[in-house]
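Here's the structure we're looking at; comments come further down.
Counting starts at 1 for both ligands and their atoms, following the listed order. Because the structure is predicted, anything quoted here is derived from the model rather than measured.
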Amino acid sequence: MQEDLRVAVVVGSTREGRVGGDVGGWFVRCAAARAGVVVDVVDLAEFAIPVCYPAAPTEAMARFARRIAAAEAYVVVTPEYNRSFPASLKQAIDCAYDEWRAKPVGFVSYGYRAAGRYAVEQLRGVFTELHTATVRDAVCLDLLEFDSTNTDRYAHAVSTLLDELVWWGLALRDGRRARPYCA
Ligand SMILES: Cc1cc2nc3c(=O)[nH]c(=O)nc-3n(C[C@H](O)[C@H](O)[C@H](O)COP(=O)(O)O)c2cc1C
């Protein structure tokens with residue numbers, strides 16, 4: 001029998017009064033029914049990642065990197081801040097390097113008007129540098145319409161994201177086991 005794919009859901013906002021916790025929880029509830037996947041919620045609000053990058057990793061940075069290393073695929077939950085993603089998310093992403101490598105990344109974004117799509121497009125460049133495969137379809141939530149108690153409305157988008165993530169996750173698991181990644 002195939003091992004469950006270990007998916008880390010990274011909740012990117014640490015803002016006081018954030019809605020990111022609700023959005024992350026909503027996505028995990030939507031994804032829970034998915035067979036073959038086991039989810040680890042990596043909530044950045046639980047990691048005191050330093051604003052100034054230190055000479056040596058802090059305990060929080062090392063703990064974050066270990067959780068990233070343990071996962072085989074990622075879903076990054078991001079708001080849009082000034083047409084990009086929040087600094088808290090970039091500071092965390094930069095705490096790991098090899099740990100991300102040769103694994104897929106999907107996105108759940110939220111905001112107004114563009115529903116966080118600008119944040120997603122900027123994150124794709126960051127994750128290319130980290131040798132990940134970003135999946136095509138994202139779940140993009142307009143906060144004017146979003147209801148965290150409704151898991152039906154975006155069911156198709158969630159399912160499409162997970163279909164792509166799981167395909168890449170299993171393919172890259174096999175690939176990493178078959179041969180070392182080239183970089
Ligand atoms: C500094 C800042 C900049 C923002 N810029 C945008 C933006 O460019 N586009 C957008 O749709 N929403 C923008 N927003 C609204 C956020 O998407 C919205 O407040 C969301 O709830 C933020 O996520 P959070 O509550 O989880 O931190 C911005 C919010 C903040 C705090």
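Contact analysis leaves Tyr118 out of contact with ligand 1, as no non-hydrogen atom separation drops below 4.0 angstrom. In this structure, Arg113 falls outside the shell of residues with a heavy atom less than 4.0 angstrom from ligand 1.
Geometrically, ligand 1 and Val19 share a nitrogen or oxygen pair separated by less than 3.5 Å. Annotation: Gly20 places an N or O atom under 3.5 Å from an N or O atom of ligand 1; distance criterion only.
In this structure, SG on Cys182 lies 8.5 Å from CZ on Arg101, to the nearest 0.5 angstrom.
Inter-residue side-chain proximity for His131 and Tyr97 is flagged as met; some heavy-atom pair is nearer than 4.5 Å. Residues Trp26 and Arg29 meet the side-chain proximity criterion, which asks for heavy atoms closer than 4.5 Å. Using a 4.5 Å cut-off on side-chain heavy atoms (C-beta onward), Pro79 and Arg18 make no contact.
Near Leu143, with a cut-off below 4.0 Å to any heavy atom, the atoms of ligand 1 are 18 (C), 20 (C), 21 (O). With ligand atoms numbered from 1 in the order given, ligand 1 contributes 22 (C), 23 (O) to contacts under 4.0 Å with heavy atoms of Pro79. Distances below 4.0 Å separate heavy atoms of Gly111 from the following atoms of ligand 1: 11 (O), 17 (O).
At a heavy-atom cutoff of 4.0 Å, ligand 1 is contacted by no atom of Val23, backbone or side chain.
Relative orientation of the Tyr74 and Trp100 rings is perpendicular, given thresholds of 30° and 60° on the angle between their planes. Ring-plane geometry between Phe47 and Phe64 is classed as perpendicular, the angle between the planes exceeding 60 degrees on a 0 to 90 degree scale with a lower cut at 30.
A side chain to side chain donor-acceptor pair (under 3.5 Å) with Asp147 is found for exactly one of Thr151, Asn150, Thr149, namely Thr149.
Nearest non-hydrogen protein atom to atom 11 (O) of ligand 1 is Tyr112 N, 2.8 Å. The nearest heavy-atom contact from the protein to atom 26 (O) of ligand 1 is Tyr110 OH, 2.6 Å. Nearest protein heavy-atom contact of atom 29 (C) of ligand 1 is Tyr81 CD1, 3.9 Å.
Salt-bridge check for Arg67 with Asp40: passed, with a basic side-chain N closer than 4.0 Å to an acidic carboxylate O.
Selection from Arg15, Glu80, Arg117, Arg83 by nearest heavy atom to atom 13 (C) of ligand 1 gives Glu80. For atom 5 (N) of ligand 1, the nearest non-hydrogen atom from the set Asp22, Asn82, Val77, Asp142 belongs to Asn82.
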| message | Could you walk me through whether Phe85 and Val76 satisfy the side-chain contact (heavy atoms from CB on, under 4.5 Å) test, starting with their C-alpha distance in whole Å, then the side-chain angles of each, then the deciding distance to 0.1 Å, before giving a yes or no? | response | CA-CA 11 Å; Phe85 52 88; Val76 174; over 6 Å; no

